[in-house]
Protein chains: 2
Amino acid sequence: MDAHRKDIHNSDIPVLCRACEARHRGVCGALTSSQLLSLNKQSTRKHIEAGSELIGESQETSSYANIITGVVKLTKMMSDGRQQIVGLQFAPDFLGRPFRIDSGISADAATDVNVCSFPKAAIERMIKEAPELEHRLLEQTLKELDEARDWMLTLGRKTACEKVASFLYLIATHINPEADPDSASFELPLTRSDIADFLGLTIETVSRQLTKLRKEQVIVIRNNRHVEVPDLDKLAEFASQ
Amino acid sequence: MDAHRKDIHNSDIPVLCRACEARHRGVCGALTSSQLLSLNKQSTRKHIEAGSELIGESQETSSYANIITGVVKLTKMMSDGRQQIVGLQFAPDFLGRPFRIDSGISADAATDVNVCSFPKAAIERMIKEAPELEHRLLEQTLKELDEARDWMLTLGRKTACEKVASFLYLIATHINPEADPDSASFELPLTRSDIADFLGLTIETVSRQLTKLRKEQVIVIRNNRHVEVPDLDKLAEFASQ
DNA sequence: CGACCGATTGATGGAAATCAACCGCTGTGG
DNA sequence: CCACAGCGGTTGATTTCCATCAATCGGTCG
């Protein structure tokens, strides 16, 4: 992946981009430093508070964004109010659906979120100039497809307990990818209600399974939100994965 | 989409490609007639019988393919035997995971299938020459991602009856896309067992819901496999979509 | 302090899984 | 030719897991 990075020195990299993960693991890694500079002129950093909407369900959005920090949830809703979270996105994921207005999905900030936002047109023009950018988008889309299909197995075939364990495992391995691969300690980015919507369960069942995992000593729960996992392998067993 | 077709006349189009849907709606539409000709020299038509495997779960596959006719099911399996169908593919879908060996998915012919198969290397070389080809792959991948997320809502939040109705609606609208948009009549490409694995149910529940829909006069069942839907809108209501 | 919100826990009900019997069809072999 | 085994599918009886309904807890904010 690093082979695609056109820059060797940081000399002509925009200040805001220097520490940005999107330039390494994200889509911006596909750009030359001059392209990065031009895109940077049109980009703005934005802070979005937990709970507010990034992309409306079928409202047209005129910009794309990279997630800098925080967690974004992608939700589908039925007309009678039932809803399902169909994806979680972490830094440095690319946010926004290229080449189509909408697919009945809304994107909301699960936690406080910082994004780097660009006009749609700027990205689409740049795609034409840099095929490598489209390649990165394909890579991310394939990754999201894999994740969606993994989750389909969880939704369709796992028990409530396995679902909750799978969720905790997912968060433990995504919220801080560089951390210890054996144990983990983190703040849950979702409320019980969100977790239920992600797992196709009710909040009561989520709560019961969490206390079950706590009693089985698979996890330690501090403040309803803070979770510690002393042994990730053990958690994976409970998740059947 | 037609704007991308480089050919006006059929004169220099390979015989096998002339009637192929992949050249219109599929990935081959991204190729010039000379590229098509060169790819065609390396491609072979293959017939696969219902039930046999196209891509093993983690075995490396050295070729990609376009589906000419038939239905392919993508399956994920757990170590204890539970399984979930995570996608169905119809003509002229592209088959095979670009840029990665595997993602724990196996592809099996649900019905008898005809494919047009190419060596992996040929496609990957052609992607470098024709960015438009990668664009088509991105389009298809985004479509599959949308479908996967739609299905996540079905798996997580719908009742057994809504799931079965959703499945019938999916088949009715995909098996013959050009047909009457109001009613439908088709052979189910999946067994009851496959349907159960697609819906996250058991075969018994699938069977019960089918008879329920039959008694409610939403569908007519002829030979266990042949289904008629006199009113697709009514079916969509039962599917809550 | 009390209202409110998110979360937990308990009691009960229901939808789907499980267990089991049976149907209709096909192919096979005595 | 018929007996019967095998397979996919249906139907019935029972069980189980999760949803639903309801009460309570703990923390925060006005």
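Each chain gets a letter, A, B and so on, in the order its sequence line appears, and its residues count up from 1.
In terms of heavy atoms, V115(B) sits closest to A65(B) at CB-CB, 4.0 Å.
Nucleotides of DNA chain C nearest to R157(A) and T191(A) differ in position, and the one nearer the 5' end is that of T191(A).
Rounding to whole angstrom units, CG of residue N223(A) and C1' of dC25(D) are separated by 15 Å. One can place CG of L155(A) at 15 Å from C1' of dC18(D), the figure rounded to the nearest angstrom. If you measure from atom CZ of R225(B) to atom P of dG9(D), you get 6 Å, rounded to the nearest angstrom. Remark: P of dT10(D) and CD1 of I203(B) are 9 Å apart, rounded to the nearest angstrom. Distance, I195(B) CD1 to dG8(D) P: 13 Å, rounded to whole Å. One atom, CG of L213(B), and another, P of dT10(D), lie 12 Å apart when rounded to the nearest Å. When the C1' atom of dA19(D) is taken as reference, atom CG of L199(A) falls 15 Å away, rounded to whole Å.
Taking 4.0 Å as the cutoff to heavy atoms of chain A, we find the contact window on DNA chain C bounded by dA7(C) to dA11(C).
Of the possible polar contacts, one joining the S166(B) side chain to the E162(B) backbone as a donor-acceptor pair under 3.5 Å is found. Side chain of R23(B) to main chain of R18(B): a donor-acceptor pair is present (N/O by atom type, distance under 3.5 Å, no hydrogens or angles). The backbone N or O of L201(A) sits nowhere less than 3.5 Å from a side-chain atom of T205(A) that would complete a donor-acceptor pair. Using a distance-only test at 3.5 Å, with no hydrogens or angles considered, a donor-acceptor pair links the side chain of T111(A) to the main chain of V71(A). Under the 3.5 Å distance criterion, the side-chain polar atoms of T141(A) are matched with a main-chain donor or acceptor of L137(A). A donor-acceptor contact shorter than 3.5 Å is absent between the side chain of K73(A) and the backbone of L88(A).
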N/O-N/O pairs, protein side and nucleotides 26-30 of chain D side, under 3.5 Å:
none

Restricting both atoms to N or O, compile the protein contacts to nucleotides 20-23 of chain D shorter than 3.5 Å, with distance only.
residue, atom, partner, partner atom, Å
dT20(D), O4, R208(A), NH2, 3.0
dC21(D), N4, E204(A), OE2, 3.2

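Classification of R82(B) and D197(B) as a salt-bridged pair fails, no side-chain N sitting under 4.0 Å from a carboxylate O. Between E144(B) and R149(A) there is a salt bridge, since at least one side-chain N of the basic residue sits less than 4.0 Å from a carboxylate O of the acidic one.
L210(A) comes within 4.0 angstrom of nothing in the nucleic acid, heavy atoms only.
Side-chain contact annotation: K158(A) with Q241(A), donor-acceptor N/O pair under 3.5 Å present.
By the 30° and 60° cut-offs, the orientation of the rings of F198(A) relative to W151(A) is parallel.
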